[in-house]
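Below: one structure, written as structure tokens.
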Amino acid sequence: MVQYSAVRLDASFAALSDATRRGVLEQLGRGEASITTLAERFDMTLTGMRKHVSVLEQAGLVVTEKVGRVRTCRLSPARLEEEAAWIERYRRRWELRFEALDEVVEELKQRESQNVREE
């Protein structure tokens, strides 16, 4: 069974809770970008974007590299794998519950149909 790091999941979901950070991840999904480019894209200051990127980096979702005066951001190679596995575990659990509910509903429909015919 897969073991999940609660600290890592908490950091990831906290990072993902902000719309700007989700937008940054979406943008980086298209290719790497500098903090300056991201700040321009999201109409914010460099300081504000640095803070958002720092949260994403601490969560392990983004990797940055400084070359000269430019800090370039890209998605982390193992981005969101653990988080996706955690979500999939719960999605599967709910899918099984809904399948069981469908069986109960179908059985009730058949019983109701039989009762109507007997009357």
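E83 and S12 form a side-chain donor-acceptor contact under 3.5 Å, judged by distance and modelled atom types alone. Residues T72 and E32 have side chains that never bring a donor and an acceptor to within less than 3.5 angstrom of each other.
Linking Ile, Leu, Val, Met, Phe, Trp and Tyr whenever their side-chain heavy atoms come within less than 4.5 Å puts F42 and L25 in one cluster. Hydrophobic clustering places L75 together with F13 (ILVMFWY residues linked when any side-chain heavy atoms are closer than 4.5 Å, directly or through intermediates). By the criterion of side-chain heavy atoms lying less than 4.5 angstrom apart, applied directly or through intervening Ile, Leu, Val, Met, Phe, Trp or Tyr residues, M44 is grouped together with V24 in one hydrophobic cluster. Hydrophobic clustering (ILVMFWY, side-chain heavy atoms < 4.5 Å, transitive): L46 and L38 are in one cluster. Residues V55 and I35 are members of separate hydrophobic clusters, defined by side-chain heavy-atom contacts under 4.5 angstrom among Ile, Leu, Val, Met, Phe, Trp and Tyr.
Side-chain contact between V62 and C73: present, with at least one pair of heavy atoms (C-beta onward) separated by less than 4.5 Å.
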Q: Evaluate side-chain contact (heavy atoms from CB on, under 4.5 Å) for T47 paired with K51, printing each intermediate quantity in order.
A: CA-CA 6 Å; T47 303; K51 288 179 181 179; 4.1 Å; yes
Q) After noting the C-alpha distance and the side-chain angles of V53 and T64, does the key distance pass the side-chain contact (heavy atoms from CB on, under 4.5 Å) rule? A) CA-CA 8 Å; V53 168; T64 64; 3.6 Å; yes
Q. After noting the C-alpha distance and the side-chain angles of R74 and L28, does the key distance pass the side-chain contact (heavy atoms from CB on, under 4.5 Å) rule?
A. CA-CA 6 Å; R74 67 180 183 280; L28 294 177; 5.6 Å; no
Q) Taking it one step at a time, do E40 and M49 satisfy side-chain contact (heavy atoms from CB on, under 4.5 Å)? A) CA-CA 9 Å; E40 290 170 358; M49 184 51 69; over 6 Å; no
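Looking at E107 and R111, a side-chain N of the basic residue comes within less than 4.0 Å of a carboxylate O on the acidic one, giving a salt bridge. Using a cut-off of 4.0 Å between Lys/Arg side-chain N and Asp/Glu carboxylate O, R92 and E88 are scored as not salt-bridged. R8 and E82 are joined by a salt bridge, as a carboxylate oxygen and a charged side-chain nitrogen come within less than 4.0 angstrom of each other.
Other residues, nucleotides and ligands contribute at most 12 non-hydrogen atoms within 6.0 Å of the CG atom of D43. Applying the 6.0 Å contact sphere to CD of E112 captures no more than 12 heavy atoms from other residues, nucleotides or ligands.
Here R69 pairs with nothing under the salt bridge (charged side-chain N to carboxylate O under 4.0 Å, His left out) rule; sequence neighbours left out. Residues forming a side-chain hydrogen bond (donor to acceptor under 3.5 Å, both in side chains) with R41 (at least two apart in sequence, or on another chain): Q27.
Judged by distance alone, with hydrogens and angles left aside, the side-chain atoms of S113 form no donor-acceptor pair with the main-chain N or O of Q110 at under 3.5 Å. When atom types are taken as modelled, the side chain of R22 and the backbone of L16 share a donor-acceptor pair closer than 3.5 angstrom. A donor-acceptor pair is defined here as one N or O able to donate and one able to accept, closer than 3.5 Å; such a pair exists between the side chain of R21 and the backbone of A15.
Remark: aromatic rings of Y90 and W86 are close, center separation under 6.0 Å.
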